[in-house]
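See structure below.
Everything numeric in this text was worked out from a predicted model, so none of it was measured. Chain letters run A, B, ... following the sequence lines, proteins first and then strands; every chain starts at 1.
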Amino acid sequence: MKILFIGTPDFSADILKGLINGGFKPVLVITETDKPVGRKQVITPPPVKLVAQEYQIPIAQPEEILNLESKILDIKPDLIVVVAYGQVIPKSILEIPRHGCLNIHPSLLPRWRGPSPIQYTILNGDKKTGVTIMLMDEKIDHGPILSQREIIISENETGKTLSEKLTDLGARLLLETISQLGRGLAKPRPQNEEKATYSKILTRQDGKINWKRTAEEIEKQIRAFELWPESFTLWQSRRKLLKIKISKATTLKSKGGIAYPVGKTLTVSQNQICVQCGKGFLPGEGDFLVIERLQLEGKKEMTSEEFLRGHLNFIGTILK
RNA sequence: CGCGGGGUAGAGCAGCAGUAGCUCGUCUGGCUCAUAACCAGGAGGUCGUGUGGUGCAAAUCCCACCCCCGCAA
């Protein structure tokens with residue numbers, strides 16, 4: 001089967017590897033142009049390009065994918081696999097391959113359509129999730145479903161662990177689905193529009209912790225946003241307002257008798273950072289987040305114990 | 001040359017011109033039924049690199065380079 005692969009970031013690159021190792025080496029890989037990346041703004045090829053080079057697959061990096069339409073027509077692919085490309089693929093191209101265009105989505109569609117399904121799954125406290133492979137149509141994450149595989153979400157699942165699991169699962173399901181397609185066994189079924197939910201694109205600002213939420217909600221956010229956009233809070237130090245990323249935390253309930261302002265930092269036992277969350281001022285409602293790992297702006301990530309050694313004045317301040 | 005923070009004892013930080021100090025850890029002794037608690041004392045640093053520059057004098061100012069990190073992309 002003549003396959004064309006379209007994708008850009010790490011997630012796509014991993015799927016591409018799985019595809020190649022499964023015996024479906026694409027005839028052409030389309031990916032975004034090399035872009036300046038990182039602190040030094042070095043022009044860097046996207047992950048998918050590196051994989052394609054490694055396996056000596058021809059690469060195309062059009063500014064506009066529409067410019068490539070005639071070339072794709074010439075190739076006459078049987079199937080196009082699209083994984084997180086970065087550009088919207090026009091209908092005229094979607095209609096070229098005989099078997100259509102496949103897309104891998106890391107959720108159980110129609111639940112969590114859109115760009116941030118993994119984060120929303122954890123944030124929402126879902127018990128299970130999975131991957132879906134669907135035939136693309138003009139609407140985003142809307143086409144008929146070809147196959148789906150579920151997994152159970154564990155208690156301390158993070159954006160990272162879930163993403164790894166789903167990438168792996170997705171790569172395997174893709175191979176199965178393609179061979180089914182090849183044998184004409186695939187039976188697409190439309191999505192149930194009534195059950196559709198949507199995830200929004202997340203920005204850095206969305207990672208800001210709102211201490212008025214319950215510790216439980218905040219802890220979920222920290223896990224959900226592990227890879228992107230991460231969770232942070234602001235601390236007024238002696239000199240200036242600093243950003244602190246929080247990468248790991250647990251919750252603590254106490255009968256509590258003392259009322260603290262929301263965002264107040266305190267220690268319950270040695271070397272522990274607790275932050276008052278939720279309703280705050282109400283006595284008898286000890287709702288605390290215990291910070292375990294954090295990273296101060298300009299510093300490396302460390303445990304809260306290490307952090308406290310050098311910041312004796314941290315306890316007793318109020319995080320914003 | 002995108003913007004910015006930083007490299008000081010094993011760890012985390014302060015000092016920002018007169019050859020280093022804090023918290024934790026570590027070692028020794030004491031207290032205690034006991035202790036991760038408490039008390040006393042000790043060890044541990046050529047202050048990122050430079051047969052660099054300016055000073056009477058540099059961890060502290062200037063220059064070059066290496067490394068780490070935040071923002072922006």
Side-chain angles (χ1 to χ4, degrees), chain A residues 6-13 30-50 61-65 83-88 114-116 118-119 158-160 163 200-211 218 221-250 252 254 263-275 288-320:
Chain A
I6 305 179
T8 303
D10 284 313
F11 174 60
S12 317
I30 300 173
T31 188
E32 281 280 22
T33 52
D34 295 2
K35 287 184 174 154
V37 161
R39 216 125 39 197
K40 292 291 177 219
Q41 293 291 287
V42 178
I43 303 292
T44 311
V48 161
K49 183 178 182 181
L50 297 177
Q61 296 176 279
E63 292 286 343
E64 275 285 336
I65 188 156
V83 185
Y85 174 46
Q87 294 185 34
V88 177
S116 314
I118 294 177
Q119 289 92 329
T158 68
K160 183 160 179 254
S163 166
K200 291 181 196 153
I201 187 138
L202 296 167
T203 67
R204 202 56 97 173
Q205 251 328 293
D206 291 321
K208 178 159 188 212
I209 292 172
N210 177 356
W211 295 107
I218 296 171
Q221 177 192 322
I222 290 167
R223 282 188 288 117
F225 290 2
E226 187 189 27
L227 283 182
W228 178 263
E230 303 189 286
S231 297
F232 70 95
T233 187
L234 297 175
W235 174 52
Q236 181 63 53
S237 76
R238 215 158 29 114
R239 308 184 111 197
K240 54 182 182 178
L241 196 60
L242 293 170
K243 178 172 173 173
I244 298 179
K245 282 188 192 174
I246 299 177
S247 50
K248 193 166 190 294
T250 55
L252 176 71
S254 77
K264 178 102 172 175
T265 54
L266 48 137
T267 62
V268 167
S269 68
Q270 278 282 294
N271 305 324
Q272 241 186 7
I273 301 174
C274 296
V275 186
F288 300 103
L289 190 79
V290 181
I291 299 175
E292 298 196 339
R293 295 190 67 80
L294 74 172
Q295 179 179 25
L296 186 62
E297 182 179 330
K299 295 295 187 179
K300 282 188 178 173
E301 185 184 326
M302 62 187 83
T303 64
S304 44
E305 192 184 334
E306 288 171 315
F307 176 78
L308 284 178
R309 277 179 214 149
H311 300 90
L312 296 322
N313 55 347
F314 183 71
I315 299 298
T317 57
I318 294 182
L319 301 176
K320 294 176 190 160

Are the side chains of Leu241(A) and Trp235(A) in touch, meaning some heavy atoms are under 4.5 Å apart? no
May I ask you to test the Thr265(A)-Ile318(A) pair for a side-chain heavy-atom distance under 4.5 Å? no
Hey, could you give me each pair passing salt bridge (Lys or Arg N to Asp or Glu O under 4.0 Å) that has a residue in residues 311-320 of chain A? Not counting sequence neighbours. none
Please tell me which of the listed nucleotides, [options], lies nearest to the side chain of [X]?
X         : options                : answer
His311(A) : G70(B), G12(B), C68(B) : G12(B)
Val37(A)  : C13(B), U23(B), A73(B) : A73(B)
Arg204(A) : G12(B), C71(B), C69(B) : C71(B)

What residues, two or more places apart in sequence or in another chain, satisfy side-chain contact (heavy atoms from CB on, under 4.5 Å) together with [X]?
X         : value
Val42(A)  : Lys40(A), Thr44(A)
Lys248(A) : Glu292(A), Arg293(A)
Glu297(A) : Leu242(A), Lys243(A)
Lys208(A) : Gln205(A), Phe232(A), Leu234(A)

Considering just the side-chain nitrogens and oxygens of [X], establish if one lies under 4.0 Å of OP1 or OP2 belonging to [N].
X         : N      : answer
Lys245(A) : C71(B) : yes
Lys299(A) : G70(B) : no
Arg309(A) : G25(B) : no

Separation of atom [atom1] in [X] from atom [atom2] in [N], rounded to whole Å:
X         : N      : atom1 : atom2 : value
Phe307(A) : C22(B) : CZ    : P     : 21 Å
Gln205(A) : C71(B) : CD    : C1'   : 12 Å
Ile201(A) : A73(B) : CD1   : P     : 13 Å
Leu241(A) : C71(B) : CG    : C1'   : 14 Å
Lys35(A)  : A72(B) : NZ    : C1'   : 16 Å
Leu296(A) : A14(B) : CG    : P     : 9 Å
Ile315(A) : C24(B) : CD1   : P     : 14 Å
Glu301(A) : G5(B)  : CD    : P     : 23 Å

Can you tell me the Watson-Crick or wobble partner of [N], both distances under 3.5 angstrom?
N      : value
C38(B) : G30(B)
G4(B)  : C69(B)
A20(B) : none

With syn defined as a glycosidic torsion within 90 degrees of 0 and anti otherwise, which applies to G55(B)? syn
Where do N or O atoms of nucleotides 1-4 of chain B meet protein N or O atoms at under 3.5 Å, pair by pair?
| unit_1 | atom_1 | unit_2 | atom_2 | d |
| --- | --- | --- | --- | --- |
| G2(B) | N7 | Arg39(A) | O | 3.1 |
| G2(B) | O6 | Arg39(A) | O | 3.0 |

